[in-house]
Protein chains: 2
Amino acid sequence: MARPRFEKLDLETRRRILETAAVEFSARGFEGASLNQLLDRLDLSKGSFYYYFDDKADLFITVVDYAWKVMLPAEDLDLGDLDATVFWPTLELLMRETRARVHEKPWLVGLARLMYDPPEAAGVREALAEKFAEVRQWQEDLIRRGQHVGAVRSDLPADLLRALLVGADEAGDQWFVANWNRFDEDEIERLSEEVVAIYRRMLEAPPAERKS
Amino acid sequence: MARPRFEKLDLETRRRILETAAVEFSARGFEGASLNQLLDRLDLSKGSFYYYFDDKADLFITVVDYAWKVMLPAEDLDLGDLDATVFWPTLELLMRETRARVHEKPWLVGLARLMYDPPEAAGVREALAEKFAEVRQWQEDLIRRGQHVGAVRSDLPADLLRALLVGADEAGDQWFVANWNRFDEDEIERLSEEVVAIYRRMLEAPPAERKS
DNA sequence: CATTTATTTAAACCAATCGGTCGAATCTCC
DNA sequence: GGAGATTCGACCGATTGGTTTAAATAAATG
């Protein structure tokens, strides 16, 4: 984790360094990302870099830590407060927030994707795994809470539902990014609401009866 | 596209070369994939490689072409045949097939993912884009047909529905791979059916009434 | 068998890039 | 002006990149 001196830099400078690095890492992986290119892009000299970080792995770990702080949703939310009546409105709000966050920082999903075949360098793999396991766990707990209060179907494992939801949501998000200006604002809003309704229908108990 | 001589090789040899290359490309991208490592893994000498391919880009294009042939589903299916009664059973069958195919060749999704920031080399980007646009188009036509016969809701764009479905499906597939032995066979089967039912509910028209 | 043609091999190539080091230059503040 | 903090970029050895080449082997041809 970055040398203490790093904390004394401008908040904005730190943000710029970490986010630019995050973009590189998320696009090319840990070993694939080039320190040289990154420093070019940052207009930062080698010497300065090694003044603030031990090495490449150190930078990566710092980036993951930063990503964790950014991605962490509403820390003020207590799962215990959620009952059947507020569960869905809350989750819809959360999804809106997350969408906005991922929308402005797309590298978050790229980083998360690094977890399938993770880097091999020393503490790097562990740092990654730990943080993102926490995120997954949080999402899963949320869904489990939904099951407990009857807002989410209980006949499928919570982690399966989580996977389906997140998968659809990421795809949906990409679609919205790509098609932002194909429709007018009202239509986008309508589509967005319908999509959230679809997510909800994915997780709720299915209608009891249906003819095959 | 590979030299003509390449076609005279064992079918199995060709398959091995192209699939190993596909794994590399899908994991590290076009520039990220190392020809040297690939040849090591293949126990193939440099000379032999350049005897069959012009260069790295040529290999890549050949791989994409091969992937396209593999991924192409049921070419004997005529969209015109699908009416409201057979649409869903057919699509469920198709999804099973595709799942099996992607399951044994996970690099297919990796290759597809290369389309977000695509390689820059000469004909490479175009080759990629063309083939995978065809796949997307095919899926989208299918959904549009579903809309036409009333099996799929028509109040959302077909490509949006496609994106959501494929996103959820890929995530679900990964979940099944990772949790294969957590449940017994019957349970897996049940889960799988429920998940397909969820996909169906994502695309069908929502129930007319619901209390907020 | 001889000779041509197809295929494979291993080494060499050279440019580029990698992460990392270092000593000197510059800045900041007393 | 002196001392510590910070910045700089040339430089390092090592590795890797994709590609070429000349010679060895195998297959085919007459």
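First the proteins, then the strands, lettered A, B, ... as listed; each starts at 1. The figures that follow rest on heavy atoms only: side chains count, while hydrogens, waters and symmetry mates do not. In this text the structure is predicted, and so the values were computed from the model without any measurement.
Annotation: A:E185, atom CD; neighbour count of heavy atoms from other residues, nucleotides and ligands within 6.0 Å does not exceed 12.
With sequence neighbours excluded, the residues that form a salt bridge (charged side-chain N to carboxylate O under 4.0 Å, His left out) with A:E194 are B:R153. Contacts of B:R14 classified as salt bridge (charged side-chain N to carboxylate O under 4.0 Å, His left out), with partners at least two apart in sequence or in another chain: B:E7. Looking at residues two or more places apart in sequence or on another chain, you find a salt bridge (charged side-chain N to carboxylate O under 4.0 Å, His left out) between A:E12 and A:R15. A:D58 is linked by a salt bridge (charged side-chain N to carboxylate O under 4.0 Å, His left out) to nothing, counting only residues two or more places apart in sequence or in another chain. Taking the ring-ring contact (aromatic ring centres under 6.0 Å, His included) definition, one finds that B:H103 meets it with B:W180, sequence neighbours left out.
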Are any protein N/O atoms closer than 3.5 Å to N/O atoms in nucleotides 25-30 of chain C? If there are, list each pair with its distance.
none

Identify each atom pair where a protein N or O and an N or O of nucleotides 24-29 of chain D are less than 3.5 Å apart, giving names and distance.
none

Heavy-atom protein contacts under 4.0 Å, nucleotides 5-20 of chain C, coded B base, S sugar-phosphate only, - none: -SBBBBBB-----BBB
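End-to-end axis angle of the helix from C:dC14-D:dG17 to C:dC30-D:dG1, using five pairs per end and rounding to 10°, comes to 30°. Note on the helix from C:dC1-D:dG30 to C:dA12-D:dT19: terminal axis deviation equals 10°, with five pairs used at each end and the result rounded to 10°.
Within residues 12-25 of chain B, no residue has a heavy atom under 4.0 Å from DNA chain C.
Pairs engaging residues 119-137 of chain A under the salt bridge (Lys or Arg N to Asp or Glu O under 4.0 Å) rule: A:D65-A:K131 [sequence neighbours left out].
Spacing between atom CZ of A:F6 and atom C1' of D:dT6 amounts to 15 Å, rounded to whole angstrom units.
Note on ring orientation: taking the six-membered ring where Trp is involved, the planes of B:F60 and B:F25 are perpendicular (angle over 60°, cut-offs 30° and 60°).
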